[in-house]
Amino acid sequence: MSQPLFLQLAIPVPMRQLFTYSVPESLQNNEFAIGERVIVPFGNRQVIGIILAVSNKTEFAQEKLKPITSKVTAHHKIPLPLTQLLMTCARYYHHPIGDVFQQALPVLLRQVDNITLAPTLYWQCQPLTDETQEIELAKLTTRATKQQQLYHLISNHQQLSWPEIRTLGFSKTQLSALEKKQLIVSTEKESEPFQWHSDSLNQQDELNLSAEQAVIVSAVSQLLKQYSCHLVDGITGSGKTEVYLQTMTKVLSQNQQVLVLVPEIGLTPQTLNRFEQRFNVPIFLHHSGLNDKERLATWHNAYQGNAAIVIGTRSAIFTPLPDLGLIIVDEEHDASFKQQDSFRYHGRDVAILRAKQLNIPIILGSATPSFESLHNALNAKYHYHRLTKRAGGSTEAKIALIDVANQPLEFGLSRPLKQLITNTLARGEQVLVFLNRRGFSPAINCQECHWVANCQRCERPYTLHRSQGLLICHHCASQKRVPPQCPDCGSIRIKPVGQGTEQIEEYLSEHFNHHSTVRIDRDSTRRKGELNKLLQQVSNKEHQILIGTQMLAKGHHFPDVTLVAILDIDGALFSFDYRAAENMAQLIVQVAGRAGRASKPGKVIIQTQYPQHPLLQDLVNNGYQHFAQQGLTERQMALLPPFGYQALFRADANYPSYPEKFLRQLSQINLNDCEIAGPMPAAIEKRAGKYRYHLIVQAKSRTALHQGISQLINHIPNNEWQTKVRWSVDIDPQDLSW
DNA sequence: AGCACGCCGACT
DNA sequence: GTCGGCGTGCTC
């Protein structure tokens, strides 16, 4: 008789513990190693558990142990380095381990049913042999422009997969149309491990590096196969991507893989396009636009070593790669790298953990580095590289302030600004108006009795979306028809208060009615492909005036925009959130970077009530670098991050007293080297019907913070309010108001 | 997180 | 009478 076998499993439930199961003798001929998956009875259902420990004895009461049901043999076990990374994450973020695995792995790996993967289809152009094809191709040029573009795209590459084609902005219909016309064919390519060969690199595409760029490429290249973190702090247009590409060449040519993280969706097509042009190697994608099967395909191909490059958003950091040689985090300051619910990890920080664990280099790139990264760079914890020159010799846009404290504003616009817009349009150039608030107006009220339409679940004003005739709560997404009259006094004088992008668009399109206006925000680009379409129209100069939210600050470049107007950033100057100023500066500099070109430099105007405000003055006169260093000095004096470490304990319930008392009881626990602030109501105390309270824990060292948080969590079973609330921990919180 | 169990209000 | 609302407790 063989020895008893016990498994400790991560189970997909929000509990901070492992569950022990026995292996019946009939199953003991299977391999049970860390990272293998098993199906087990849990409560009265069957779930997938991931083996995190295997042993021949157990502490747990034997009579309560259940035997596992079976072993999952479909697909692979989770490779050990990835399992270890996830265990580290669970510890670091004090998050339930089962949920960490649940969120990091493709859904299909967590499903009890077996899934078979279809092989990836690749599309190629047919060699033009007969006349009919020539005729079909000719037809494309006259009518189907989209199909023509797609045809050119495919002909420029040896092969493209459907996820790549879709990510680059084409539809299945366009693809099938070309196939029907026999202009392209698909092949089921047997996936095979990536091998670098002589034509993997498109050398003609390589640009000559500037001295600054060359220094970075050689610095990283000399440190391959060991951990080093490089911050590439380069203004827009200074050629960060070329640095990435040439560094990647060194890694890929050793048959190692590269993982590239980009902010949410918007940047994936451009990055993919640029990489496709440079490398003839298998590139796999991972972003929210993929379905479950496609995600599993990426995971699988990455696991097998078939992928040379994986490009993806935050969660792509958990892609298994057998010989990862380099990680790149582009726009590392971007807030979308931090997950803002349940498992609140930071993609950039996990990337650094992974690079350390694998002993490989990592590059963080940004024109506006986060204060954290800048601090680490200035402290020589990271290698610090600056790119100060714009390629092609163009200059950075100049920022100027317009004082609107004593000026009449019409729909939020001052007269000098309108004059500047008029002049710019008259020169045949484009204008970008930036306002980080979508909708028509952030509130509506009654002119007679001053009633304000508030969302009942959040106790916050509704945003008016006039085009849809709806009031929408931007905190919980609840909707309501616009009331015809005031519910309190019956007056019909209900008016919008303040401006959103929808209103500015309406005003500008009336006021400048000889020019075309386009709005780019989450509302106007909700439909798939709509964003690309609008951006294309802008670059075709079909529109002269662009209005938008921070969507405009990400990645897209508008060479014909020579005037950028930034409205209403004053809130950030007086926010209680110490990160507001940092984010404001990043946003301003990023928006400013969208505009202009060598021959037509851009001009940036910020409308403000507080032109003398030291933060604005510093940013305008001394630039982001200086601003950030000033900001760091202030953080140091206040011992705020990155000079101190924070965690946020959140609790919510249907009544305010529960979370308050729950956290108060926690706050009375004595912690070593940790300070506790609160409990305090969240900035938006009530959200979607729940009352939310916060407790901030702060420490001078990471270790002290982790010990403090562990102590607090260990006390929760004794907390008498424990069952009344939902609670969670946020390590390194980014936004204290949530 | 699921899921069951259990205790109160308004339906055929 | 019972259907279902969600508060509470449990999961190796």
Side-chain angles (χ1 to χ4, degrees), chain A residues 3-28 30 32-72 86-87 89-90 93-113 292 315 339-345 456-457 650-662 665 688-692 713 715-730:
Chain A
Q3 283 203 65
L5 193 55
F6 301 109
L7 308 175
Q8 286 194 283
L9 306 180
I11 299 291
V13 287
M15 296 171 76
R16 289 168 172 74
Q17 60 180 266
L18 297 177
F19 290 84
T20 310
Y21 285 81
S22 62
V23 181
E25 222 166 311
S26 59
L27 290 173
Q28 288 200 7
N30 286 290
F32 292 100
I34 292 175
E36 298 278 7
R37 290 166 299 138
V38 290
I39 299 177
V40 295
F42 187 74
N44 57 349
R45 60 209 165 106
Q46 298 283 319
V47 298
I48 288 197
I50 292 149
I51 303 176
L52 295 187
V54 181
S55 94
N56 296 118
K57 47 185 195 295
T58 174
E59 311 272 275
F60 195 78
Q62 298 250 0
E63 65 278 9
K64 285 190 186 169
L65 280 185
K66 288 185 186 173
I68 66 166
T69 308
S70 61
K71 198 190 137 179
V72 180
L86 294 174
M87 289 165 80
C89 285
Y93 287 102
H94 295 268
H95 192 78
I97 188 142
D99 200 44
V100 170
F101 277 84
Q102 170 107 341
Q103 298 212 29
L105 299 176
V107 234
L108 295 184
L109 283 185
R110 311 177 318 231
Q111 229 151 271
V112 177
D113 332 314
D292 291 346
S315 57
Q339 177 140 6
Q340 287 290 16
D341 59 312
S342 62
F343 173 26
R344 296 171 178 260
Y345 66 100
Q456 295 303 302
R457 300 172 67 203
R650 299 160 196 274
D652 69 50
N654 293 335
Y655 308 97
S657 62
Y658 291 154
E660 207 268 344
K661 286 172 174 157
F662 170 79
Q665 210 169 92
K690 298 273 185 205
Y691 292 87
R692 300 137 6 101
I713 291 176
H715 268 89
I716 287 178
N718 315 324
N719 190 305
E720 57 181 302
W721 307 100
Q722 179 231 134
T723 58
K724 309 277 188 205
V725 301
R726 276 195 343 208
W727 61 273
S728 65
V729 184
D730 188 351

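In what follows, chains are A, B, ... by sequence order, proteins preceding strands, each numbered from 1.
Between A:E720 atom CD and C:dG9 atom P there is a gap of 14 Å when expressed in whole angstrom units. Atom pair A:K64:NZ and C:dC10:P shows a separation of 10 Å (rounding to whole Å applied). As rounded to whole Å, 8 Å separates atom C1' of B:dA1 from atom CG of A:D99. When the P atom of C:dG9 is taken as reference, atom CH2 of A:W721 falls 14 Å away, rounded to whole Å. Following rounding to the nearest Å, A:F6 (CZ) and C:dC12 (C1') show an atom-to-atom distance of 11 Å. Atom-to-atom, CZ of A:F343 to P of B:dA1 comes out at 16 Å; the value is rounded to the nearest Å. Atom CD of A:Q722 and atom P of C:dC10 are 11 Å apart (whole Å). Across the protein-nucleic acid pair, A:F19 atom CZ and B:dG2 atom P stand 14 Å apart, rounded to whole Å.
Looking at residues two or more places apart in sequence or on another chain, you find a side chain to side chain contact (heavy atoms under 4.5 Å, CB included) between A:Q103 and A:D99, A:Q339, A:S342, A:F343. Partners of A:Q8 according to the side-chain hydrogen bond (donor to acceptor under 3.5 Å, both in side chains) rule, which considers only residues two or more places apart in sequence or in another chain, do not exist here. Listed by chain and residue number, A:E685, A:Y691, A:Y693 satisfy the side chain to side chain contact (heavy atoms under 4.5 Å, CB included) test with A:P656 (two or more places apart in sequence, or in another chain). For A:D730, the salt bridge (charged side-chain N to carboxylate O under 4.0 Å, His left out) criterion is met by A:K338, A:R344, A:R650, not counting sequence neighbours. With sequence neighbours excluded, the residues satisfying salt bridge (charged side-chain N to carboxylate O under 4.0 Å, His left out) with A:R726 are A:D652. Residues meeting the side-chain hydrogen bond (donor to acceptor under 3.5 Å, both in side chains) test with A:K690, sequence neighbours left out: A:N654. Remark: A:S728 engages no residue in a side-chain hydrogen bond (donor to acceptor under 3.5 Å, both in side chains) (not counting sequence neighbours). Residues meeting the side chain to side chain contact (heavy atoms under 4.5 Å, CB included) test with A:E36, sequence neighbours left out: A:E31, A:A33, A:I51, A:K71, A:K77. Qualifying side-chain hydrogen bond (donor to acceptor under 3.5 Å, both in side chains) partners for A:T69, counting only residues two or more places apart in sequence or in other chains: A:Q46.
Cation-pi check for A:K724 over A:Y658 is met; the charged atom lies under 6.0 angstrom from the ring centroid and within 45 degrees of its normal.
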Filtered N/O pairs between nucleotides 4-9 of chain B and protein, under 3.5 Å:
residue	atom	partner	partner atom	Å
B:dA4	OP1	A:N44	ND2	3.2

Under 3.5 Å, which N/O atoms of the protein pair with N/O atoms of nucleotides 5-8 of chain C?
residue	atom	partner	partner atom	Å
C:dT8	OP1	A:K724	NZ	3.0

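The shortest distance between side-chain heavy atoms of A:L105 and A:I50 falls below 4.5 Å.
At a threshold of 4.0 angstrom between heavy atoms, the contacts of A:P96 with the nucleic acid are absent. Within the nucleic acid shown, A:F42 comes within 4.0 Å of at least one base atom, counting heavy atoms only.
For DNA chain B, the residues of residues 9-17 of chain A within the heavy-atom distance limit of 4.0 Å (strictly under) are A:V13, A:P14, sorted by number.
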